[in-house]
Amino acid sequence: MGVVSANRQRTRVSRGPLGDPTYRMLWAAQSGSAVGGWMQSVGAQWMLVHRPGAATWVSLVQAASLLPVMFVSLPAGVLADVMDRRRLLIGVQSAMTVLAALLTVLTAAGRTTPAVLIAFTFLLGCGQAVGNPAWQAIQPELVPREQIPAAAALGSLSVNVARAVGPALAGLLLTVTSTWVLFAINAVSFTAVILALLRWRRAEEEHTAPEAVLAALHAGGRYVRHAPGVRRILWRAALFVVPASALWALLPVIASEHLHQGSGGYGLLLAALGAGAVGAALGMGRLRKALTANQLLLFSGLLYGGGALVTALSASLPVVAAVSVVTGAGWLVTLSTLNTSMQLTLPAWVRARALAAYLIVFLGGTGPRFTALGPGRAPAGHPGNAGAGRLSAGGGRGEPPAVPAASRHRHA
């Protein structure tokens, strides 16, 4: 039996992370939930676009989803380090299911005012913020250390596929039904994640005395401040994300005012960025074999920067669309490499707290740009302006790239 088990383990490793049934189940559930999150974002913002002061309302919705992540992530990281992460995630996902279902019922009854929508967005954002560090921290429990880079790339693949599929499905459904249907789909997607988590049989951990919450918070902060490898990754993340997020934030303006395109042109640019990211995710294994992590970051940074420069200078839609494929690849390779480096650097006892700091750096770099610009600048008739907010917020499904989600980027 020992030989059979060893052979099965070798087979799973040779197939990559998706060769493990538990990882595959959680990854699939989170991928579906990421699609549901994007659909709800589109529905939420579509409800507001025809109201007076629509740009302000939509920006407030985006802010309501971002603020919890900025202020709740560190305490959430503490909870994920001192509690059973599986139980924590089941509790969070259950609460979010109830909230999404209530929003569905209120919307179907015509009771969802902008203030109600913002309140539910904030509460769902709190749930996402509490769950994010735990989702990030379970990655080493699901795959062996040597598969963490591949798992991070799969997480990124999930994010980018959801970013393309979710708004497209939402746009189609909005032509034949109402926004409450989108909210209902999101509620159902949470239940799929709960079922996957219930089926996951987490390995028993060594029982140690749990840390007090405040002491754990201080210990995590000290670790992040005094660990040179962690500080270096956080600085690199900030130095890339802060300027790089400008392209995502300005993409609607580029499509409408620089390239003189409508929603079709904007959708094409998003699709090109997503295609580049998906292609890069599929090729990350070969890239990691050919280049070191530092070389990957240099290479991908040059790709993204060059693509952004061409996008700023060119007035040709075909040129910008073609370059966007390269730009999307640079974005994914950078984020996947940073996330992998962070995962491989952290010890188990502080993993969720340090990953919470990473999420704050990432979201702190992207969120203000999306919220400040607001989605009112998108091409006319495009309901998927929600994409900007979802990209930055990550949707609680594990963005930036991580396992098992990829949440929703919510980023990345």
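All of these numbers come straight from a predicted model, not from anything done at the bench.
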Peer 1: Check whether any side-chain N or O of Thr191 sits under 3.5 Å from a backbone N or O of Val188 as a donor-acceptor pair, and report yes or no.
Peer 2: yes
Peer 1: Taking side chain as C-beta onward, heavy atoms only, is Leu338 less than 4.5 Å from Val241?
Peer 2: no
Peer 1: How about Leu169 and Trp38: do any of their side-chain heavy atoms sit closer than 4.5 Å?
Peer 2: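 No, side chains not in contact.
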Peer 1: Heavy-atom distance under 4.5 Å between the side chains of Trp57 and Ile118, does that happen here?
Peer 2: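 Counting from C-beta outward, Trp57 and Ile118 do come under 4.5 Å.
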Peer 1: Taking the side chain as every heavy atom from C-beta outward, state whether Gln343 and Gln136 have any atom pair closer than 4.5 Å.
Peer 2: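 They are in contact (side-chain heavy atoms under 4.5 Å apart), so the answer is yes.
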Peer 1: If you compare all heavy atoms of Leu335 against all heavy atoms of Tyr358, which two are closest, and at what distance to 0.1 Å?
Peer 2: O-OH, 3.9 Å
Peer 1: Can you give me the closest heavy-atom contact between Leu303 and Gly330, atom names plus distance?
Peer 2: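 Residues Leu303 and Gly330, closest heavy atoms: CB-CA, 4.2 Å.
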Peer 1: Taking all heavy atoms of Leu88 and all of Ala134, pick out the closest pair and write down the distance.
Peer 2: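 Between these two residues, the closest heavy atoms are CD2-CB, 4.1 Å.
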Peer 1: Counting N and O atoms only, with roles assigned by atom type, does the side chain of Gln295 sit under 3.5 Å from a partner on the main chain of Thr292, one being a donor and the other an acceptor?
Peer 2: yes
Peer 1: When the side chains of residues 72-81 are checked against the rest of the protein, which donor-acceptor pairs come out under 3.5 Å, sequence neighbours left out?
Peer 2:
| residue | atom | partner | partner atom | Å |
| --- | --- | --- | --- | --- |
| Ser73 | OG | Val69 | O | 2.4 |
| Asp81 | OD1 | Arg85 | NH2 | 2.8 |
| Asp81 | OD1 | Ala352 | N | 3.2 |
| Asp81 | OD2 | Ala352 | N | 3.4 |
| Asp81 | OD2 | Arg353 | N | 3.0 |
| Asp81 | OD2 | Arg353 | NE | 2.7 |

Peer 1: Is a side-chain N or O of Trp27 found less than 3.5 angstrom from the main chain of Leu154, in a donor-acceptor match?
Peer 2: yes
Peer 1: Examine distances only and state if a side-chain atom of Thr340 and a backbone atom of Thr337 form a donor-acceptor pair shorter than 3.5 Å.
Peer 2: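 No.
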Peer 1: Indicate the atoms forming the closest heavy-atom contact of Ala244 with Trp331, along with that distance.
Peer 2: CB-CZ3, 4.0 Å
Peer 1: Find the distance between CZ (Arg232) and OG1 (Thr345) and round it off to the nearest 0.5 Å.
Peer 2: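 Interatomic distance, Arg232 CZ to Thr345 OG1, rounded to 0.5 Å: 8.0 Å.
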Peer 1: Do Trp135 and Val92 come within less than 4.5 Å of each other through their side chains, counting heavy atoms only?
Peer 2: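 With C-beta onward as the side chain, the pair stays apart.
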Peer 1: Quick test of your reading: applying side chain to side chain donor-acceptor pair (under 3.5 Å), list the pairs with at least one residue in residues 217-226, sequence neighbours left out, ordered by first then second residue.
Peer 2: none
Peer 1: For atom CH2 of Trp200, is the number of surrounding heavy atoms from other residues, nucleotides or ligands below 6.0 Å larger than 12?
Peer 2: yes
Peer 1: As a quick check of understanding, evaluate side chain to side chain contact (heavy atoms under 4.5 Å, CB included) for His258 and Val320, giving each step before the final call.
Peer 2: CA-CA 11 Å; His258 186 57; Val320 174; 5.7 Å; no
Peer 1: Which heavy-atom pair separates Leu273 from Ser324 by the least distance, and what is that distance?
Peer 2: CD2-O, 3.4 Å
Peer 1: Which atoms form the tightest heavy-atom contact between Thr327 and Gly307, and what is the distance?
Peer 2: OG1-CA, 3.2 Å
Peer 1: Is there a donor-acceptor pair closer than 3.5 Å between any side-chain N or O of Ser189 and the backbone N or O of Asn186?
Peer 2: yes
Peer 1: Counting N and O atoms only, with roles assigned by atom type, does the side chain of Arg199 sit under 3.5 Å from a partner on the main chain of Thr22, one being a donor and the other an acceptor?
Peer 2: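 It does not hold such a pair.
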Peer 1: Can you tell me how far apart CG (Leu99) and CE (Met96) are? Round to the nearest 0.5 Å.
Peer 2: 8.0 Å
Peer 1: Is the shortest heavy-atom distance from the side chain of Gln261 to the side chain of Leu269 under 4.5 Å?
Peer 2: no
Peer 1: Tell me which pairs pass side chain to side chain donor-acceptor pair (under 3.5 Å) where either residue lies in residues 300-314, with sequence neighbours left out.
Peer 2: Trp248-Tyr304, Ser300-Thr334
Peer 1: Going by heavy atoms in the side chains, are Phe183 and Met47 under 4.5 Å from each other?
Peer 2: yes
Peer 1: Going from CG on Leu18 to CE on Met25, what distance comes out if it is rounded to the nearest 0.5 angstrom?
Peer 2: 13.0 Å
Peer 1: Supply the atom-to-atom distance Leu332 CG to Leu282 CG, rounded to the nearest 0.5 angstrom.
Peer 2: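 Interatomic distance, Leu332 CG to Leu282 CG, rounded to 0.5 Å: 9.5 Å.
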Peer 1: Contact between Pro140 and Arg351 at the side-chain level, heavy atoms closer than 4.5 Å - yes or no?
Peer 2: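 The answer is yes; the side chains approach within 4.5 Å.
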Peer 1: With no hydrogens and no angle check, is any side-chain donor or acceptor of Thr112 less than 3.5 Å from a backbone partner on Thr107?
Peer 2: yes
